[in-house]
Amino acid sequence: MSIAVYPGTFDPITLGHLNIVERGLNVFDTIVIACIKGELHKKTLFSFDERMQMLKSTFGKHKRVEIDSFDGLLVHYLKRKKVTTILRGIRTVEDFEYEYQMTLANRMLEVNVETVFMLTEGNFGHLSSSLIKEIAALGGDVSKMVPANVQKQLIQKLRDQRNA
Ligand code: COA
């Protein structure tokens with residue numbers, strides 16, 4: 001059975017991420033979505049529990065999608081999980097630079113790990129979680145950018161923040 005780990009911060013998950021997972025399922029039997037726990041990498045709007053809950057409600061009980069989390073180095077998580085393939089989406093040339101560094105660093109750390117890339121499809125190529133959060137904060141419509149459940153939570157979160 002072929003398995004790939006799709007790691008990220010998912011703050012929050014977008015339709016761009018969803019597109020990569022759906023297409024990844026045409027290539028792999030199972031995709032493990034691995035949400036990074038800590039905030040070391042970047043400051044998040046949503047807590048770890050909220051990001052996990054949104055991932056779970058987006059994928060429901062999809063038979064071939066597992067929602068998991070990790071802390072620390074990705075290669076250590078892969079080893080514990082006994083998975084050697086990472087799935088990543090590439091949107092732009094800038095992503096390529098970043099992914100290039102990460103892929104080679106991961107391979108220096110763990111020679112058996114391979115990264116498979118998918119080009120993010122047309123409409124989603126310009127999306128990022130930060131951009132979506134900014135649009136939502138300024139009252140823009142993000143319904144074509146995030147799943148409906150995430151849109152609801154994003155609006156609520158921003159409302160709570162304003163009222164805090
Ligand atoms: N469609 C739309 N947006 C996408 C996307 C897609 N297909 N793919 C990525 N993005 C966006 C994300 O929303 C995110 O936007 P943001 O920066 O505005 O929040 C941005 O692109 C990058 O996010 P993502 O691809 O999810 O990666 P990440 O930077 O959140 O996560 C880790 C990177 C967690 C995989 C990486 O840092 C890691 O492995 N960390 C563990 C520690 C480690 O092992 N370090 C050594 C690595 S060599």
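Counting starts at 1 for both ligands and their atoms, following the listed order. Predicted, not measured: the structure shown is a model, and the values here were computed from it. Note that the numbering runs from 1 along the sequence shown for the chain.
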Would you please determine whether [X] falls within less than 4.0 Å of ligand 1 on a heavy-atom basis?
X: R88; result: yes
X: D11; result: no
X: H76; result: no
X: S130; result: yes

* **Lys/Arg N to Asp/Glu carboxylate O, E66 vs K56, below 4.0 Å** => no
* D95 and R88 ion-paired at < 4.0 Å -> no
Heavy atoms, side chains only, cut-off 4.5 Å: are [X] and [Y] in contact?
X: V116; Y: I86; answer: no
X: K157; Y: L45; answer: yes
X: T9; Y: C35; answer: no

* Rounded distance [0.5 Å steps], CG in N149 versus CG in L154 -> 11.0 Å
* Structure fact -> Value for CG (L158) from CD (E134), rounded to nearest 0.5 Å, stands at 11.5 Å
Return yes or no for this condition: an N or O of [X] is under 3.5 Å from an N or O of ligand 1.
X: G16; answer: yes
X: L73; answer: no
X: Y98; answer: yes
X: N106; answer: no
X: S129; answer: yes
X: L74; answer: yes

* Counting only heavy atoms, which portion of K42 has something under 4.0 Å from ligand 1: side chain, backbone, both, or neither? -> side chain
* Asked: For ligand 1, does T9 get within less than 4.0 Å through its side chain, its backbone, both, or neither, judged by non-hydrogen atoms?
  -> both
* Structure fact -> Filtering L119, T44, I36 for the heavy atom nearest atom 40 (N) of ligand 1 leaves I36
* Asked: Evaluating non-hydrogen atoms only, which member of G72, G8, P7 is closest to atom 41 (C) of ligand 1?
  -> G72
* With heavy atoms of I20 as the reference, note each atom of ligand 1 found under 4.0 Å away. => 7 (N)
* A105: numbered ligand 1 atoms lying under 4.0 Å from its heavy atoms -> 48 (S)
* Asked: side chain to side chain contact (heavy atoms under 4.5 Å, CB included) between L87 and V5: does it pass, once the steps are laid out?
  -> CA-CA 6 Å; L87 173 65; V5 163; over 6 Å; no
* Is there a donor-acceptor contact under 3.5 Å from the side chain of R64 to the main chain of F28? -> yes
* Which residues pass the ring-ring contact (aromatic ring centres under 6.0 Å, His included) test with F59, sequence neighbours left out? -> none
